[in-house]
Amino acid sequence: MSAGPVHLRAEHLTVLRRGRAIVDDVRLEARPGQVTGLIGPNGSGKSTVLRCLAATLRPTSGRVLLDGVEVAGMPRRRLARAVATMDQASETELDLTVRDVVQLGRLPHRSRWAAGSAEDAMVCAEALERVDMGGLEGRPWRTLSGGERQRVQVARVLAQQPRGLLLDEPTNHLDVQHQFELLDLLTATGLTVVVVLHDLSLAARYCDSLVVLREGRVEGQGPPQQMLTPDLIEKVFRVRAEVWADEGGTAVRLLGSAGRQIDRPCTMRAPAP
Ligand SMILES: Nc1ncnc2c1ncn2[C@@H]1O[C@H](COP(=O)(O)OP(=O)(O)OP(=O)(O)O)[C@@H](O)[C@H]1O
């Protein structure tokens with residue numbers, strides 16, 4: 001396997017749940033060193049696709065290739081050295097410190113039962129500095145705010161020193177300054193990044209490529225200026241938008257709801273007397 005940023009490719013991914021395809025024949029590519037954004041409305045399958053890419057979920061059919069090698073059956077340690085994952089549910093109420101959480105990122109680099117080395121401690125301290133949480137190693141995890149926890153989780157994936165990052169809504173809970181700082185940091189790593197984002201303006205500004213999901217299917221993949229047209233935003237997100245090019249790339253302004261598509265009339269039953 002090469003040592004540079006990973007190349008990820010998903011081929012014909014389908015995930016069936018309760019007889020329904022929640023991910024339906026999804027094909028996508030995350031090129032080395034690029035930021036690929038997964039966007040789409042609630043329930044469109046973004047997290048499920050990300051979990052397939054991370055090999056934490058086995059698709060019903062289809063496959064994921066990492067540098068041309070299928071991830072299914074790849075040894076966990078080899079996978080963890082290649083890609084680090086941060087999902088929406090990285091929560092714990094265990095009595096951990098910030099140091100403990102960030103040190104989890106070092107596990108793939110340690111031999112079994114080995115204690116953390118001085119190098120591990122240095123990598124973790126550096127990762128915390130990068131997310132503006134330097135010097136807080138001793139703080140109990142449960143005392144952190146939602147945004148601080150999110151930044152510590154980002155420090156954990158950075159401490160893993162992977163060649164690719166798979167991140168589910170990493171800007172969730174962050175104030176605007178830290179949203180920009182985090183995305184600046186992620187793009188500056190030069191790693192392959194696949195990121196689920198709800199904010200279309202941030203997706204337009206920071207992603208090299210966008211995969212648009214709708215009802216489990218890929219509506220299209222391409223650069224933001226190609227994918228984020230007012231027509232596509234209205235069709236997929238049911239929101240009217242203005243899109244224009246500026247010095248930062250593609251800019252999006254959401255104008256308001258385009259109205260809910262009602263396929264059948266909604267009938268309300270009168271309460272029982
Ligand atoms: N185990 C399951 N059983 C049944 N349905 C499921 C299961 N897991 C996920 N789903 C459904 O699959 C769909 C896709 O879920 P997923 O979490 O991938 O969407 P998402 O695009 O990440 O959504 P959000 O933006 O709300 O986080 C949703 O409708 C969800 O309810």
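Being a predicted model, the structure only gives us computed values, none of them experimental. Both ligands and their constituent atoms are indexed starting at 1 by order of listing.
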Point to revise | Charged N-O contact under 4.0 Å between Asp208 and Arg31 | key: no
Revision key, fill the gap. Residues at least two apart in sequence or cross-chain that pass side-chain contact (heavy atoms from CB on, under 4.5 Å) with Leu136, listed by chain then number, are Met133, Arg139
Exercise for review: Apply salt bridge (charged side-chain N to carboxylate O under 4.0 Å, His left out) to Glu181 and list each qualifying residue two or more places apart in sequence or on a separate chain.
Suggested key: none
**Study point:** side chain to side chain contact (heavy atoms under 4.5 Å, CB included), paired with Arg205, selected from Asp246, Thr187, Asp199
**Key:** Asp246
Within the protein, flag every N or O under 3.5 Å from an N or O of ligand 1, and note the pair and distance.
from: ligand 1; atom 1: 18 (O); to: Thr48; atom 2: N; distance (Å): 3.0
from: ligand 1; atom 1: 18 (O); to: Thr48; atom 2: OG1; distance (Å): 2.5
from: ligand 1; atom 1: 19 (O); to: Gly45; atom 2: N; distance (Å): 3.3
from: ligand 1; atom 1: 21 (O); to: Ser44; atom 2: N; distance (Å): 3.1
from: ligand 1; atom 1: 21 (O); to: Ser44; atom 2: OG; distance (Å): 3.4
from: ligand 1; atom 1: 21 (O); to: Gly45; atom 2: N; distance (Å): 3.0
from: ligand 1; atom 1: 21 (O); to: Lys46; atom 2: N; distance (Å): 3.0
from: ligand 1; atom 1: 21 (O); to: Lys46; atom 2: NZ; distance (Å): 2.8
from: ligand 1; atom 1: 22 (O); to: Ser47; atom 2: N; distance (Å): 2.9
from: ligand 1; atom 1: 22 (O); to: Ser47; atom 2: OG; distance (Å): 2.8
from: ligand 1; atom 1: 23 (O); to: Gly43; atom 2: N; distance (Å): 2.8
from: ligand 1; atom 1: 25 (O); to: Asn42; atom 2: ND2; distance (Å): 3.0
from: ligand 1; atom 1: 25 (O); to: Lys46; atom 2: NZ; distance (Å): 2.8
from: ligand 1; atom 1: 25 (O); to: His198; atom 2: NE2; distance (Å): 3.2
from: ligand 1; atom 1: 26 (O); to: Asn42; atom 2: ND2; distance (Å): 3.1
from: ligand 1; atom 1: 27 (O); to: Gln88; atom 2: NE2; distance (Å): 3.4
from: ligand 1; atom 1: 29 (O); to: Arg20; atom 2: NH2; distance (Å): 3.1

**Study point:** Residues Gln161 and Arg81: side-chain donor-acceptor under 3.5 angstrom
**Key:** no
Review point. Other than Val123, what residues sit in its cluster of Ile, Leu, Val, Met, Phe, Trp and Tyr side chains whose heavy atoms are under 4.5 Å apart, directly or through others?
Key: none
